[in-house]
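Remarks on the structure that follows.
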Amino acid sequence: METRKLRMMTAAIQIENLKCGGCATTIKKGLLSLNAVKEVTVDVENLIVSIISENDDLETIKEKLAKLGYPEVGDKNTVLHKAKSFVSCAVGRIDR
């Protein structure tokens, strides 16, 4: 029997447009839908998303955040990102 040792990666990403617990709920659900992501915590006050993942594909995680409306600080924060964040915020409030 072959055993594989998984290498876990942790990262903290500062994001735009994070307003409330509803946003945090949407972010957690969205990132946990990615196979490699095992844990997500969201610090609403400091606008930071922390993740634990089985791989180091941070770009996929950042792309998912941007698609949800929460781009990384320093990336483009377009009107579309802001609109998506308002919608995901509302959905997150319902899903809580």
Side-chain angles (χ1 to χ4, degrees):
M1 178 196 282
E2 183 180 321
T3 57
R4 291 183 344 172
K5 190 172 186 178
L6 293 177
R7 195 176 100 234
M8 300 300 263
M9 181 222 26
T10 59
I13 305 165
Q14 190 169 24
I15 60 171
E16 301 277 1
N17 306 327
L18 178 59
K19 296 172 277 313
C20 67
C23 297
T25 299
T26 297
I27 290 167
K28 286 178 187 178
K29 277 179 115 173
L31 292 181
L32 288 170
S33 73
L34 299 172
N35 287 335
V37 175
K38 298 302 171 197
E39 187 176 320
V40 178
T41 55
V42 181
D43 180 345
V44 176
E45 187 174 311
N46 294 304
L47 310 174
I48 295 175
V49 176
S50 299
I51 58 105
I52 297 175
S53 177
E54 288 181 349
N55 66 39
D56 57 0
D57 188 7
L58 200 52
E59 283 309 306
T60 299
I61 293 166
K62 290 177 181 181
E63 287 172 12
K64 181 70 170 184
L65 283 167
K67 286 179 183 175
L68 291 169
Y70 305 98
E72 182 178 22
V73 168
D75 283 351
K76 289 182 181 178
N77 188 18
T78 66
V79 172
L80 182 59
H81 286 119
K82 293 174 184 177
K84 284 182 179 182
S85 75
F86 279 109
V87 171
S88 68
C89 175
V91 170
R93 288 176 187 223
I94 293 168
D95 287 347
R96 281 214 240 159

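What you see below is based on every heavy atom in this structure, not just the backbone, and it leaves out hydrogens, waters and symmetry mates. In what follows, residues are counted from 1 in the order of the sequence shown.
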*State which residues pass salt bridge (Lys or Arg N to Asp or Glu O under 4.0 Å) with K62; sequence neighbours excluded, sorted by chain then number.*
E72
*Taking only residues two or more places apart in sequence or in another chain, which ones pass salt bridge (Lys or Arg N to Asp or Glu O under 4.0 Å) with D57?*
none
Go through the structure and list residues passing side-chain hydrogen bond (donor to acceptor under 3.5 Å, both in side chains) with [X], not counting sequence neighbours.
X   : result
T78 : H81
D75 : none
S85 : K19

*Whichever hydrophobic residues join V40 through chains of side-chain contacts under 4.5 Å*: M9, I13, I15, L18, I27, L31, L32, L34, V37, V42, V44, L47, V49, I51, L58, I61, L65, L68, Y70
_Other ILVMFWY residues reachable from I48 by side-chain steps of under 4.5 Å_ = none
*Pairs in or reaching into residues 30-44: which pass side chain to side chain donor-acceptor pair (under 3.5 Å), with residues at least two apart or in two chains?*
D43-N46
_According to side chain to side chain donor-acceptor pair (under 3.5 Å), does anything in residues 8-18 pair up with another residue at least two apart or in another chain? List the pairs._
N17-N77
*Name all residues meeting the side-chain contact (heavy atoms from CB on, under 4.5 Å) criterion together with A83; count only those two or more places apart in sequence or in a different chain, and write none if there are none.*
none
